[in-house]
J.: 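I have a structure here, written as structure tokens, and I will follow up with some questions on it.
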Amino acid sequence: MTAPVLPTGVEERFAAARQIADAVLFEGYVLYPYRASAAKNRLRWQFGVLVPPGYGTDRAEHSHQRTECLIEPRGADARLAVELRFLRAQRRTVQRATEDGAFVPVEALELADRRLVPWDEGAEERVGVDVPVADLLGDGVEHLFSLAAADDEEAVYEDGVLVGRLLRRRERVDGVIRLTATEVPGPYAALRLSAVVSNTSSWSPHDGAERDDALAHSLISAHVLLGLAPGSFVSVTDPPEWAKAAVAECRNEYCWPVLVDGPGRDDVMLASPIILEDRPQIAPESPGVLYDATEIDEILALRTAALTDEEKREARGTDARAGAVVDLADSLPPEVLDRLHGAVRALREVTDTRVAATERPETPWWDPGGDPSVDPEHDHVVVDGVRVAAGSRVVLRPGQRRTDAQDAFLHGRTALVEAVLHDVDGAVHVAVTMDGDPGADLWRAQGRFRYFQPDEIAPVPEVP
């Protein structure tokens with residue numbers, strides 16, 4: 001579906017933001033070793049799946065996602081541009097050509113360079129809305145969209161001879177984008193924006209229907225780009241002091257809004273089904289898209305290049321994007337691979353207190369075991385006027401700027417301090433094990449703890 005013409009300047013900023021949005025769109029699209037036969041590629045589409053409402057509410061996936069954030073429009077002519085982006089499942093079947101000109105379904109079509117197999121591809125879809133901010137007040141704006149069912153056919157040739165064909169089927173998908181805004185109480189000219197995307201498809205499961213049947217009518221990897229012109233968005237992750245109370249009242253369901261413009265700009269926001277930090281970036285060393293949800297470029301590139309020729313044939317026949325990953329890995333020159341290894345994000349000036357590398361000391365330049373000034377088992381830190389050391393009990397309050405969901409889930413839990421550690425930069429880290437964790441003794445024996453900074457904990461009052 002074609003998006004409308006966006007306001008001046010917003011399209012250019014959306015174009016820059018789509019590099020990040022594309023990474024979200026194809027997160028985990030096809031996993032190494034990029035073959036349809038691999039077990040990990042049997043259960044797909046893990047992020048941002050909006051299923052038909054008739055699929056049921058007792059399942060892990062939902063039919064809507066809600067984004068709420070604060071906006072500061074400038075002037076009565078301010079406009080909001082919205083771009084909903086998602087994948088639409090495209091079921092591909094394989095047929096072999098017979099001598100009499102007919103076609104018969106097959107489990108695989110063997111070609112010289114690839115092995116074509118049935119597979120669900122992801123077709124990119126975009127739905128756009130461009131409205132005056134003033135229209136969002138009151139009842140707001142409701143934008144309905146519908147993608148009709150469609151069939152495509154692709155002939156497969158080898159050495160100029162028709163050997164088969166690929167049939168692709170896309171099912172109908174219906175949805176709605178609801179946009180509303182309300183004024184934020186106080187002296188600030190801010191609005192609370194609500195953008196709700198819902199799957200309204202009428203499909204309902206029949207007897208024996210499985211998740212794959214619902215996926216054909218779903219919005220997959222759904223996310224929203226929001227652009228304001230002129231105006232700015234308020235960070236949900238790190239709001240200014242005046243906006244913290246209003247931001248705390250925002251409801252974000254099954255997505256997380258982050259700023260995606262460069263430093264000093266805050267007029268484009270991405271509502272992502274994956275937790276990101278504000279202004280995320282693509283690593284400049286990355287040679288291309290690998291589509292693997294746990295991608296580490298160097299390891300994946302090397303492992304992909306090491307696949308057997310037969311495995312590469314199957315990967316190329318699984319999906320065009322998987323084939324591109326294989327071809328990329330095979331073509332990377334040594335200097336590109338070298339660039340992937342050991343990238344350093346920040347450098348500091350080396351001081352005279354460090355031993356020169358040419359001296360080759362018998363121990364590292366700083367050895368905690370040989371430094372009498374540190375003792376993790378007996379060191380302490382003062383928190384809220386209370387001495388916290390190994391054996392203390394604390395309440396966890398992970399910092400809002402941290403984007404690790406695993407830490408956020410521990411907010412309010414109590415823990416036992418195992419050690420207080422000082423690093424070479426002077427920072428303090430508190431190692432803890434969780435109260436009620438049946439594996440605490442095992443983590444303790446292995447020296448594996450969870451680490452928090454002093455401002456992320458609070459002492460538990462001692463009970464006489």
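Atom set for the values below is all heavy atoms of this structure, side chains included, hydrogens, waters and symmetry mates excluded.
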J.: Between Arg169 and Glu171 (salt bridge meaning N to carboxylate O under 4.0 Å), is one present in this structure?
T.: yes
J.: Start with the C-alpha distance between Arg44 and Asp319, add both sets of side-chain angles, then the distance that settles salt bridge (charged side-chain N to carboxylate O under 4.0 Å, His left out), and finish with yes or no.
T.: CA-CA 14 Å; Arg44 303 176 63 210; Asp319 192 282; 5.2 Å; no
J.: Minimum heavy-atom separation for Pro33 to Ala315, with atom names?
T.: O-CB, 4.3 Å
J.: Calculate, to the nearest 0.5 Å, the distance between atoms CZ and CZ belonging to Arg165 and Phe103 respectively.
T.: 5.0 Å
J.: Between Arg397 and Glu456, does any side-chain N to carboxylate O distance fall below 4.0 Å?
T.: no
J.: Taking 4.0 angstrom as the limit, do Glu83 and Arg85 come out as a salt bridge?
T.: yes
J.: Under a 3.5 Å distance rule, please check whether Arg192 uses its side chain to pair with a backbone N or O of Ala246 as donor and acceptor.
T.: yes
J.: Would Arg450 and Trp443 count as a cation-pi pair here, with the cationic atom under 6.0 angstrom from the ring centre and within 45° of the axis?
T.: no
J.: For Ala89 versus Ala216, what's the shortest heavy-atom pair and its separation?
T.: CB-CA, 4.2 Å
J.: Are any side-chain N or O atoms of Gln65 and backbone N or O atoms of His62, one a donor and one an acceptor, separated by less than 3.5 Å?
T.: no
J.: May I ask you to test the Pro105-Thr93 pair for a side-chain heavy-atom distance under 4.5 Å?
T.: no
J.: Short question: side chain of Glu314, backbone of Arg115 - any donor-acceptor pair under 3.5 Å?
T.: no
J.: Would you say that more than 12 heavy atoms from the other residues, nucleotides or ligands in this model lie under 6.0 Å from the CD of Glu210, or not?
T.: no
J.: Quick one: does Asn252's side chain have a donor or acceptor within less than 3.5 Å of a partner on Trp256's backbone?
T.: no
J.: Determine whether a donor-acceptor pair (N or O, by modelled atom type, separation under 3.5 Å) exists between the side chain of Asn199 and the backbone of Ser201.
T.: yes
J.: Of Val49, Ile220, Val127, which is the lone residue that meets side chain to side chain contact (heavy atoms under 4.5 Å, CB included) with Phe86?
T.: Val127
J.: If we ignore hydrogens and angles and just use 3.5 Å, is the side chain of Asp266 paired with the main-chain N or O of Ser232 as donor and acceptor?
T.: no
J.: Check this for me: Asp309, atom CG, are more than 12 non-hydrogen atoms of other residues, nucleotides or ligands nearer than 6.0 Å?
T.: no
J.: Contact between Leu87 and Trp45 at the side-chain level, heavy atoms closer than 4.5 Å - yes or no?
T.: yes
J.: Could you check whether any side-chain heavy atom of Tyr157 comes within less than 4.5 Å of a side-chain heavy atom of Leu162, counting everything from C-beta outward?
T.: yes
J.: Are there over 12 heavy-atom neighbours, none belonging to Asp212, within less than 6.0 Å of that residue's CG?
T.: yes
J.: Quick one: sort the His206 and Trp203 rings into parallel, tilted or perpendicular, breaks at 30° and 60°.
T.: perpendicular
J.: Determine whether Ser221 and Glu27 make a side-chain contact, defined as any pair of heavy atoms from C-beta on separated by less than 4.5 Å.
T.: no
J.: Looking at every non-hydrogen atom in both residues, tell me the closest pair between Val133 and Leu80 and how far apart they are.
T.: CG2-N, 4.0 Å
J.: Can you name the nearest heavy-atom pair linking Thr180 to Gly140, along with the distance?
T.: CG2-CA, 3.9 Å
J.: Should Leu116 and Arg96 count as side-chain neighbours, where that means a heavy-atom distance under 4.5 Å?
T.: no
J.: State, yes or no, whether a side-chain contact exists between Leu70 and Tyr188 at a heavy-atom distance under 4.5 Å.
T.: no
J.: Is there side-chain contact between Leu219 and Leu84, with heavy atoms separated by less than 4.5 Å?
T.: yes
J.: For Gly122, is there any backbone N or O sitting under 3.5 Å from a side-chain donor or acceptor partner on Glu124?
T.: no
J.: Is it true that atom CZ of Arg172 has more than 12 heavy atoms of other residues, nucleotides or ligands lying nearer than 6.0 Å?
T.: no
J.: Nearest 0.5 Å please: distance from the CG atom of Leu396 over to the CZ atom of Arg413.
T.: 8.0 Å
J.: Under 3.5 Å, side chain of Lys40 to main-chain N/O of Tyr32, donor-acceptor pair present?
T.: yes
J.: Ignoring hydrogens and geometry, is there a side-chain-to-backbone donor-acceptor pair from Asn41 to Val30 under 3.5 Å?
T.: no
J.: Tell me if a side-chain donor or acceptor on Arg313 pairs with a main-chain N or O of Leu111 at a distance below 3.5 Å.
T.: yes
J.: Where is the tightest heavy-atom contact between Val106 and Pro118, given as atom of each residue plus distance?
T.: O-CG, 4.3 Å
J.: Using the six-membered ring wherever Trp is involved, compare the ring planes of His64 and Tyr254 and label them parallel, tilted or perpendicular (cut-offs 30° and 60°).
T.: perpendicular
J.: Would you compute the distance between atom OG1 of Thr237 and atom CG of Leu259 and round it to the nearest 0.5 angstrom?
T.: 7.5 Å
J.: Should we say atom CD of Glu183 is surrounded by more than 12 heavy atoms from elsewhere, each under 6.0 Å from it?
T.: no
J.: Measure the spacing between OG1 of Thr200 and CG of Leu50 and express it to the nearest 0.5 Å.
T.: 11.0 Å
J.: Got a second to check how far Asp278's CG is from Leu270's CG, nearest 0.5 Å?
T.: 10.5 Å
J.: More than 12 non-hydrogen atoms from neighbouring residues, nucleotides or ligands closer than 6.0 Å to CD on Glu107, yes or no?
T.: no
J.: So Tyr34 and Thr318, do their side chains get closer than 4.5 Å, heavy atoms only?
T.: no
J.: Is Asp130 paired with Arg79 through a side-chain N to carboxylate O contact shorter than 4.0 Å?
T.: yes
J.: Under 4.0 Å between a Lys/Arg side-chain N and an Asp/Glu carboxylate O for Arg321 and Glu121?
T.: no
